[in-house]
Amino acid sequence: LNMSTINDKSPTFNIFNREYYELFDIFLVSSDLSDKISDFRVLSKHDMTSDHFPIEACISIEHIMTSDLISRRLNFKKANWSYFQEILSVPILNPDSVDDYNNIISKKIISAAHKSIPLQSGKIYKLPYRMKL
């Protein structure tokens with residue numbers, strides 16, 4: 001299928017009460033993009049009420065995006081995972097090619113994330129200054 005798998009051998013699955021870890025989750029990317037992966041991380045500190053940890057990959061491309069949304073991160077702790085799953089459960093019918101299938105899947109995941117995972121607040125909360133007398 002001319003695809004590459006991305007994972008740095010970090011475990012992505014955990015049975016918490018048994019200290020059992022396994023590598024289950026991977027990124028599938030077009031082989032044309034595999035050399036452009038600049039970072040891969042397993043977000044093991046994000047509790048998603050699941051035994052799978054979220055994974056994140058950064059792809060270095062020549063196109064520069066200037067949206068302020070890029071600097072903000074998704075707030076996985078406040079995500080509605082059942083809604084995310086519901087959005088993605090709609091079947092994909094007969095794509096014309098692997099590239100079409102990849103585009104459809106990518107768009108569905110991005111759309112599901114925007115609809116079910118809120119962005120973290122960009123606000124900085126400062127503690128009030130207290131002066132000792």
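Computation of the quantities below employed the complete heavy-atom set of this structure, encompassing side-chain atoms and omitting hydrogens, waters and symmetry-equivalent molecules.
Hydrophobic clustering keeps Ile87 apart from Ile105 (ILVMFWY residues linked when any side-chain heavy atoms are closer than 4.5 Å, directly or through intermediates).
Of the possible polar contacts, none joining the Ser111 side chain to the Lys107 backbone as a donor-acceptor pair under 3.5 Å is found. Between the Lys115 side chain and the Tyr83 main chain, no donor and acceptor come within less than 3.5 Å of each other.
Between Asn75 and Leu119 there is no side-chain heavy-atom pair separated by less than 4.5 Å.
Between the NZ atom in Lys108 and the OG atom in Ser89 there is a gap of 7.0 Å [rounded to 0.5 Å]. One distance of note links CD1 of Ile92 with CG of Asp100; it measures 11.0 Å at 0.5 Å rounding. Distance check: Asn102 CG to Ser97 OG gives 9.0 Å after rounding to the nearest 0.5 Å. The structure places CG of Asn103 at 11.5 Å from CG of Asp96, a figure rounded to the nearest 0.5 Å. Rounded to the nearest 0.5 angstrom, Ile104 CD1 and Leu93 CG are separated by 9.0 Å. Taken to the nearest 0.5 Å, the CD1 atom of Ile117 stands 14.5 Å off from the NZ atom of Lys77.
Minimum heavy-atom separation, Val42 to Pro11: CG1-O, 3.5 Å. Of all heavy-atom pairs between Ser116 and Ala112, the closest is OG-O, 2.6 Å.
Around the NZ atom of Lys78, the shell of radius 6.0 Å holds no more than 12 heavy atoms that belong to other residues, nucleotides or ligands. Summarising the local packing, CG of Asp39 is surrounded by more than 12 heavy atoms from other residues, nucleotides or ligands at distances under 6.0 Å. Other residues, nucleotides and ligands contribute at most 12 non-hydrogen atoms within 6.0 Å of the CD atom of Gln85.
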